[in-house]
Amino acid sequence: MLIFFICIALLVLAYKFYSPFVERQAGIDPKAKTPQARFEDGVDYVPVHPAKAFLIQFLNVAGVGPIFGPILGALYGPIALVWIVLGNIIGGAVHDYFSGVLSIKEDGKSLPEIAGHYFNIYFKGVMLLFTAMLLFFVGVVFIMSPAGLLSNLDYFKDTIFGNNTFWVLVILAYYFLATMLPIDKIITKLYPAFGLLMIVMTVSIAVALMLNAPQLPEMGDVFAYFDHSHYNNELLEPNPDGLPVWPLLFVTITCGAISGFHSTQAPIMARCLTNEKYVRPVYYGAMVAEGIVACVWATAGIAAFPGGYVELKSLLDQGGPGLVVNQVATTYLGVVGGIMAIVAVAIFPITSGDTAFRSLRLTIIDAFHIPQSMRNRLLVAVPILTIAYFMTKIDFSLIWRYFAFSNMLLSTSVLWLATKYLFDRGTFHWIVSLPAIGGTSVTVSYIMTAGIGLGLPQPLSQPVGIAVGVICLVALIIAHNRRKPVADVN
């Protein structure tokens, strides 16, 4: 548990000491009028209390991501915890923070619009494509996963509620309402309660693990995937199938470490904050909170099963991460835990899916400068949700692989956008440019070796990925320096 406590402490200390340094680079102005004050429309630009905004942002970006991803990542052993914390502090929290900064500084616009302002129409087009693709895949994934869980519950067998299509249509109907209605009609009323529920569940699981977890690998086993001879108990041996940590672990665990999906949610609260000073607690704070959730569930995946890796792998093969959540919650928290588990794997993904489709509507409306009338919102939302329904008929694993790739690619694009923003400000850009290099390296490495990509040999991917990341930074520095003399003259 020492590793677990160190991880939680590092996340808290990062918020306390590192986030103020990051904030100083961003140019936050507490006296500036926010988009909410300038464009209040009763639909998307609505004032929201910062505490409520934090809970909404936390649930927007969390859902089941920091639960399912870390459980899958636990197959690699305790190194999963190391990646969650380092990824969160160096990449994810900074990524989320600048997503909020860029949006609130640019009238609450979506990231593709901001990319067009800081780079050019081509970069805007690329970001628009991958933002729309990611939001759509997230929405589809979070129709399929809760519908599958609810239709398979024992309570609903031999009834209409045991029909998967029934739940797909119910969830789509809710998504339609959440996409169309003003934000203060559903989201600001329900999300704070669900956010608190996730916090209560996470704390309960963490306490139960500290008191009862039967299997805890030794500290030296963190790096044992390099050399399996460190293990004396084969049940605890992580990753015996030899899956490459680079880049698969970094793509497996995104939520909790770094996730491009979070940037797509930034405009929702950027249009509701009443002061720029709230960006750090709402965006940076929500990502740190998500990192803590991810650490708890990674630890649960590693430590909660007497059969170690073998038992975890068996449960995943039988019913995926949802079955693991149910097993952990009911084992350690009893009947209450069972109820929490159902909420976690059924309700939480829906709270990501509805804001995904809402963000997709905002992104399309921003990109094509469509007025925010009810008719226009219908013309955008209805075709999207109709196509989403037919996409639920496609193999879930295929959609998930494309989601994972586009998620990492988008987060990397946002980090490069933040690098350009800090270049223009003349402040310390390395807080975003270094993780941008890392994200580029992982993304290129993954698509080079993945079945949905080029399928090239694994040893080639890491050096090529790193080289591409460094080349991107050099190209950005050269381009920035060429423009700088012109800016100085003006």
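The analysis underlying the following values was restricted to heavy atoms, covering all of them including side chains, and did not include hydrogens, waters or symmetry mates.
Ion pair Asp41/Arg271 not flagged as a salt bridge, since none of the NZ, NE, NH1 or NH2 atoms sits closer than 4.0 Å to an Asp/Glu carboxylate oxygen. Electrostatic pairing of Lys105 and Glu276 counts as a salt bridge here, judged by a charged N lying under 4.0 Å from a carboxylate O.
When all heavy atoms of Ala356 and Val138 are compared, the pair lying nearest together is CB-CG1, 3.7 Å. Listed here is the closest heavy atom pair of Ala294 and Ile84: O-CD1, 3.7 Å. The minimum heavy-atom distance linking Ser433 with Leu473 is given by the pair CB-CD1, 3.7 Å. Shown here for Ser445 and Gly465, the closest heavy-atom pair between the two residues is OG-CA, 3.8 Å. Smallest separation of non-hydrogen atoms from Arg358 and Ala178: NH1-O, 2.7 Å. Across every non-hydrogen atom of Ile268 and Ser359, the tightest pair is CD1-OG, 3.3 Å.
Rounded to the nearest 0.5 angstrom, Thr202 OG1 and Ile67 CD1 are separated by 6.5 Å. Note that OG1 of Thr419 is 11.0 Å distant from CG of Asp424, once rounded to the nearest 0.5 Å. Within the model, atoms OG1 of Thr34 and OH of Tyr45 stand 10.5 Å from one another, a figure rounded to the nearest 0.5 Å. Considering CE of Met133 and CG of Leu360, their distance stands at 12.5 Å, rounded to 0.5 Å. The CG atom of Leu409 lies 9.5 Å from the OG1 atom of Thr131; values are rounded to the nearest 0.5 Å. Rounded to the nearest 0.5 Å, atoms CZ (Phe39) and CG (Asp44) are 13.0 Å apart.
Looking only at distances, a side-chain donor or acceptor of Asn407 sits under 3.5 Å from a matching main-chain atom of Phe261. With hydrogens and angles disregarded, a donor-acceptor distance shorter than 3.5 Å links the side chain of Asn275 to the backbone of Pro30. In this structure, the side chain of Tyr283 engages the main chain of Ala266 through a donor-acceptor pair within 3.5 Å. At least one donor-acceptor pair under 3.5 Å links the side chain of Arg361 to the backbone N or O of Thr179. When atom types are taken as modelled, the side chain of Gln265 and the backbone of Val61 share no donor-acceptor pair closer than 3.5 angstrom. Between the side chain of Ser103 and the main chain of Lys109, a donor-acceptor pair closer than 3.5 Å is present. Between the side chain of Thr355 and the backbone N or O of Thr351, at least one donor-acceptor pair lies under 3.5 Å. With Tyr284 contributing its side chain and Pro20 its backbone, the two residues share no donor-acceptor pair below 3.5 Å.
Using cut-offs of 30° and 60° for the angle between ring planes, the His429 and Phe423 rings count as tilted.
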I'd like to know whether Gln36 forms a side-chain hydrogen bond (donor to acceptor under 3.5 Å, both in side chains) with Thr274, so could you lay out the CA-CA distance, the side-chain angles of the two residues, the decisive distance to 0.1 Å, and finally the verdict. CA-CA 6 Å; Gln36 177 276 317; Thr274 55; 5.7 Å; no
Does Val94 form a side-chain contact (heavy atoms from CB on, under 4.5 Å) with Tyr18? I'd like the steps, not just the answer. CA-CA 10 Å; Val94 175; Tyr18 185 51; 4.0 Å; yes
Carefully, step by step, assess Thr363 and Thr264 under the rule side-chain contact (heavy atoms from CB on, under 4.5 Å). CA-CA 8 Å; Thr363 299; Thr264 67; 5.9 Å; no
Trp430 vs Leu422, side-chain contact (heavy atoms from CB on, under 4.5 Å): CA-CA, chis, key distance, verdict: CA-CA 9 Å; Trp430 295 106; Leu422 293 187; over 6 Å; no
side-chain contact (heavy atoms from CB on, under 4.5 Å) between Ile114 and Tyr421, worked out: CA-CA 10 Å; Ile114 301 170; Tyr421 173 75; over 6 Å; no
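With a 4.5 Å cut-off on side-chain heavy atoms, Leu476 and Phe119 count as touching. For the pair Gln25/Ile431, a side-chain contact is recorded, criterion being any heavy-atom separation below 4.5 Å from C-beta on. Contact of the Asp354 side chain with the Phe142 side chain is not registered, since no non-hydrogen atoms from C-beta on lie closer than 4.5 Å. Ser19 places none of its side-chain heavy atoms less than 4.5 Å from the side chain of Tyr97. Contact annotation: the side chain of Cys295 approaches that of Leu11 to within less than 4.5 Å [non-hydrogen atoms, C-beta and beyond]. Taking the side chain as every heavy atom from C-beta outward, Phe58 and Val293 approach each other to under 4.5 Å. Side-chain contact between Ile71 and Val325 is present, with at least one heavy-atom pair separated by less than 4.5 Å. Side-chain contact between Ile258 and Leu415: present, with at least one pair of heavy atoms (C-beta onward) separated by less than 4.5 Å.
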Please output the side-chain donor-acceptor pairs of residues 122-129 that fall under 3.5 Å, not counting sequence neighbours, one pair per line with the distance.
from   : atom 1 : to     : atom 2 : distance (Å)
Lys124 : NZ     : Glu113 : OE2    : 3.0

Report all side-chain donor-acceptor pairs from residues 376-388 shorter than 3.5 Å, counting only partners two or more places apart or in another chain.
from   : atom 1 : to     : atom 2 : distance (Å)
Asn376 : ND2    : Pro371 : O      : 2.9
Asn376 : ND2    : Ser373 : OG     : 3.1
Arg377 : NE     : Met180 : O      : 3.2
Arg377 : NH1    : Gln372 : O      : 3.3
Arg377 : NH2    : Met180 : O      : 3.3
Thr386 : OG1    : Val382 : O      : 2.7

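For Phe161, the side chain to side chain contact (heavy atoms under 4.5 Å, CB included) criterion is met by Phe156, Thr159, Phe166, Trp167, not counting sequence neighbours. With sequence neighbours left out, the side chain to side chain contact (heavy atoms under 4.5 Å, CB included) criterion links Pro281 to Tyr15. Applying the side chain to side chain contact (heavy atoms under 4.5 Å, CB included) test to Ile56 and every residue at least two apart in sequence or in another chain returns Val48, Lys52, Asn60, Ile187, Thr188, Tyr191, Pro192, Met269. Under the ring-ring contact (aromatic ring centres under 6.0 Å, His included) criterion, Tyr175 pairs with Phe357, not counting sequence neighbours.
Only one option out of Ile471, Ile477, Ile478 pairs with Val474 in a side chain to side chain contact (heavy atoms under 4.5 Å, CB included); it is Ile478.
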